[in-house]
Amino acid sequence: MSKVRVRFAPSPTGGLHLGGVRTVLFNYLFAKHHGGDFIVRVEDTDQTRWVAGAEEYIFDCLKWCGLEPDESVLHGGDFAPYRQSERKAIYRQYADQLIEAGHAYYAFDTSEELEKMREELKAKGSHSLQYDQAIRMGMNNSLRLLPEETAALLAAGTPYVVRIKMPANEFVSFTDMIRGELSFDTNTVDDKVLLKADGMPTYHLAVVVDDFLMKISHAFRGEEWLPSAPVHILLWKYLFGLDAMPAWAHLPLILKPDGNGKLSKRDGDRLGFPVYAMDWTDPKTSEITKGFKEIGFMPQAFVNLLAVLGWNDGSQQELFSIEELIEKFSMEKVHKGGAKFDYEKAKWFNHEWIKKSAAPDLLSLVKKVMESNQLSISNDDYLLTVIELVKERCTLLTDFYEQGKFFFEAPVNWDLPSVQPKWDAGKKSFFESFAQALQTVEIWDVASIENTFKALATEHNIKVGELQMIFRVMLVGSKMGPGVFVIAQAIGREDSIARVQKALQHF
RNA sequence: GCCGCGUUGGUCAAGGGGUUAAGACGCCUCCCUUUCACGGAGGAAUCACGGGUUCGAAUCCCGUACGUGGUACCA
């Protein structure tokens, strides 16, 4: 087998959807598993849908995910250009070739005429509203027109498109790596537009031409492309021969969690979770759509959760590093059916990744979180200690602020409702003595602080438990966080004493 | 409407003729911790339906239902 080469072909029309990232991921994993190349080709043939900044944003997302292409607009490569708008001239000759061979034709129908045609079909109660063999001889195209008429129209500069001429009574079949043998009746497929009036190819032509020219060995895309697969297969047959055609796999869709249909950005807004990989700002409306990155996901977790949405290796393993995924991934194990996205499970993956990450690997990420909350970090070693102490209770990276801020700042208000019912003169006197005792603790560590605390409690004849809760609220402000004595040790002697004394004035 | 694809607990899923039908998320109970998590022990909950084939179907076949995608000079 020749070298494995796969491509992801986004169109720069907006934010990068989770389903898009998963398509990237499956492409990437397959390529790397087989020692092949991963190519990103920008499909910007629709100028009306082009959005400023979208292309750059897509590459930023891939970078964040760690799924870097071997070849692309950004990375270069032997098959440049990688932007279809820059390849415009290439497609025309293949369209001409198809026309000459009788596999395609010129169509001069205006959009009004097309609309009228569909209206009429509908009125007649037709089952199909397609531009197909049933109606094409009644339309304004080179199939019906005399050659002279066509030539005259072309000479006059009449706008036209090129359509594929779907053959009658044929079955187009191919093997899908996920679904197996698939077969389509050409009678049910329409004469798709190949070249638009502006001279740009549609997806149908461009994907076939570029996959050939770029020596793509395996073509993976979403399930929504299945119905037009016969068009692509036929184009391969007419243009380059079926032997050169890449192997296909149509990936299952990612569905909305609650009801029906493909997951969309709207569902995220509605249900309160991100759908895009990173924050996306609409250049027209300046509206920001939240991304997984900014919400607090680790890229490893994001990649992990996407990988197991529609794929698993048959074992019970759920946590995979990218290296393990590359090793274990196989297209045959990808499911046929779509999967509903479950944000709760997504968060669980992130939680697991935070727990299993070593503090130094979390350092810069957590530092950013702290700093974006106006908490400046001057001591990395101290932050490392804090990370180690609180990471198991952080589901999102952004949780590190709530879970860790009291290590840096004394509380300004306290959970008084929990303290006051238990607060009395005896407790007050205990803490006064305790603050003093802390001055003289010789070695400032957990055991010494705890021993001092407990000995003093016994002396004052008060139950240790109640005292501990109050001590916690003094240090933290609320009933949360790691062990109290661990916190005391971490924040240090001066700070611990100061917090107790300050609390004493407010309780 | 027409064409295609799909269907194992609420969700992700293993299992591809004989299983008490794994596991995970979430939920509930308990233990640990006089905090919150982590961790641990339990629990409720599933093969869409109807026909075949077979000694035996979650597994194979056919229907039906439901879901979903396409049906653009969008990708």
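So that the names make sense, note that chain A is the first sequence line, chain B the second, and so on, each numbered from 1. No hydrogens, no waters, no symmetry mates; every other heavy atom, side chains included, goes into these values.
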For a quick check of understanding: with a heavy-atom distance under 4.0 Å over all strands, which category does [X] fall into, base, sugar-phosphate or nothing?
X      : result
A:K262 : sugar-phosphate
A:A339 : sugar-phosphate
A:L309 : sugar-phosphate
A:D109 : base
A:V193 : sugar-phosphate
A:H250 : nothing
A:G310 : sugar-phosphate

Closest to the [X] side chain: [options]?
X      : options             : answer
A:R163 : B:G26, B:C73, B:G70 : B:C73
A:L253 : B:G69, B:C74, B:U71 : B:G69
A:S11  : B:U34, B:A75, B:C73 : B:A75
A:D342 : B:G23, B:C12, B:U11 : B:U11
A:D46  : B:C73, B:C74, B:C12 : B:C74
A:E318 : B:C73, B:A24, B:G69 : B:A24
A:Q316 : B:A22, B:C74, B:A24 : B:A22

Qualifying residues under ring pair (Phe, Tyr, Trp, His ring centres under 6.0 Å), relative to [X], sequence neighbours excluded:
X      : answer
A:H335 : none
A:F320 : A:W311
A:Y94  : A:F240

Exercise. Taking the nucleotide of RNA chain B with the closest heavy atom to each, which residue, A:H204 or A:D313, is nearer the 5' end?
Worked result: A:D313

Exercise. With nearest nucleotides of RNA chain B determined for A:G337 and A:T110 from heavy-atom distances, which residue corresponds to the more 5′ nucleotide?
Worked result: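 The residue whose closest nucleotide sits nearer the 5' end is A:G337.
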
Length of the line joining [X]:[atom1] and [N]:[atom2], which is rounded to integer Å:
X      : N     : atom1 : atom2 : value
A:F349 : B:U11 : CZ    : C1'   : 12 Å
A:W348 : B:G26 : CH2   : P     : 8 Å
A:L194 : B:A72 : CG    : P     : 15 Å
A:E388 : B:A37 : CD    : P     : 20 Å
A:L121 : B:U71 : CG    : C1'   : 12 Å

Distance between the [atom1] atoms of [N] and [M], in whole angstroms?
N     : M     : atom1 : result
B:A48 : B:G10 : P     : 11 Å
B:A58 : B:G1  : P     : 32 Å
B:G69 : B:C55 : C1'   : 42 Å
B:G15 : B:C47 : C1'   : 11 Å
B:C2  : B:U11 : P     : 29 Å
B:G23 : B:U46 : P     : 15 Å
B:A24 : B:G40 : P     : 10 Å
B:U20 : B:G26 : C1'   : 25 Å

Exercise. Near RNA chain B, which residues from residues 465-481 of chain A have a heavy atom under 4.0 Å away?
Worked result: A:G465, A:E466, A:Q468, A:R472, A:K479, A:M480, A:G481

Problem set entry | Contact list for RNA chain B against residues 398-408 of chain A - heavy-atom distance below 4.0 Å |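 Under 4.0 Å from RNA chain B: no residue of residues 398-408 of chain A.
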
For this session: Please determine if a side-chain N or O atom of A:K333 lies less than 4.0 Å away from the OP1 or OP2 oxygen of B:G15.
Result: yes

Exercise. Using 30° and 60° as the class limits, which term best fits the ring planes of A:F431 and A:F471: parallel, tilted or perpendicular?
Worked result: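 A:F431 and A:F471: tilted rings.
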
Exercise. Do the two ring centres, one from A:F8 and one from A:F220, sit under 6.0 Å apart?
Worked result: no

Problem set entry | Centroid-centroid under 6.0 Å between A:F302 and A:F349 rings |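 Ring centroids of A:F302 and A:F349 are no less than 6.0 Å from each other.
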
Exercise. Do A:K192 side-chain and B:A72 base share a donor-acceptor contact under 3.5 Å?
Worked result: no

Does any N or O in the side chain of [X] come within less than 3.5 Å of the main-chain N or O of [Y], such that one atom is a donor and the other an acceptor?
X      : Y      : answer
A:S142 : A:Y106 : yes
A:D211 : A:V208 : no
A:R22  : A:L309 : yes

Exercise. Are there more than 12 heavy atoms of other residues, nucleotides or ligands under 6.0 Å from atom NZ of A:K122?
Worked result: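 No - once you tally the heavy atoms of other residues, nucleotides and ligands closer than 6.0 Å, there are 12 at most.
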
Report, one line per pair, each donor and acceptor closer than 3.5 Å where one atom sits in a side chain of residues 475-488 of chain A; sequence neighbours left out.
none

Problem set entry | Nearest-0.5 Å distance, CG of residue A:L396 to CD1 of residue A:I354 |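 These two atoms lie 6.5 Å from each other.
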
For this session: Could you tell me the separation between the CH2 atom of A:W280 and the CG atom of A:D282, rounded to the nearest 0.5 Å?
Result: 7.0 Å

Exercise. Going by atom types only, do A:D109 and A:Y131 share a side-chain donor-acceptor pair under 3.5 Å?
Worked result: yes

Under 3.5 Å donor-acceptor pairs involving side-chain atoms of residues 225-232 of chain A, not counting sequence neighbours:
{"from": "A:S228", "atom 1": "OG", "to": "A:W225", "atom 2": "O", "distance (Å)": "3.2"}
{"from": "A:S228", "atom 1": "OG", "to": "A:H232", "atom 2": "NE2", "distance (Å)": "3.4"}
{"from": "A:H232", "atom 1": "NE2", "to": "A:R221", "atom 2": "NH2", "distance (Å)": "3.1"}
{"from": "A:H232", "atom 1": "NE2", "to": "A:S228", "atom 2": "O", "distance (Å)": "3.3"}

Seminar exercise, completed: Applying the Watson-Crick and G-U criteria (both distances under 3.5 angstrom) with [ ] for crossing and | for other-strand pairs, one obtains for RNA chain B (((((((..(((.....[....))).(((((.......)))))....(((((..]....))))))))))))....

Exercise. Quick one: does NZ or CZ of A:K345 land under 6.0 Å from the six-membered ring centre of A:W348, within 45 degrees of the ring axis?
Worked result: yes

For this session: Flag this pair as yes if the NZ/CZ of A:K355 is under 6.0 angstrom from the six-membered ring centre of A:W353 and inside a 45 degree cone about the axis; otherwise no.
Result: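 Judged by the rule (NZ or CZ under 6.0 Å from the ring centre, within 45° of its axis), A:K355 is not positioned above A:W353.
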
Problem set entry | side chain to side chain contact (heavy atoms under 4.5 Å, CB included) partners of A:S183, counting only residues at least two apart |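 Counting only residues at least two positions away or on another chain, A:S183 forms a side chain to side chain contact (heavy atoms under 4.5 Å, CB included) with A:F171, A:S173.
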
Problem set entry | Set of residues satisfying side chain to side chain contact (heavy atoms under 4.5 Å, CB included) with respect to A:Q133, sequence neighbours excluded | A:R136, A:A168, A:N187

Polar atom pairs (N or O), protein with nucleotides 38-40 of chain B, under 3.5 Å:
{"from": "B:C38", "atom 1": "O3'", "to": "A:K355", "atom 2": "NZ", "distance (Å)": "3.2"}
{"from": "B:G39", "atom 1": "OP1", "to": "A:K355", "atom 2": "NZ", "distance (Å)": "3.1"}

Atom pairs under 3.5 Å, N or O on each side, protein against nucleotides 2-5 of chain B: can you list them with distances?
{"from": "B:C2", "atom 1": "O4'", "to": "A:H127", "atom 2": "O", "distance (Å)": "3.2"}
{"from": "B:C5", "atom 1": "O2'", "to": "A:R179", "atom 2": "NH1", "distance (Å)": "2.6"}
{"from": "B:C5", "atom 1": "O2'", "to": "A:E223", "atom 2": "OE2", "distance (Å)": "3.4"}

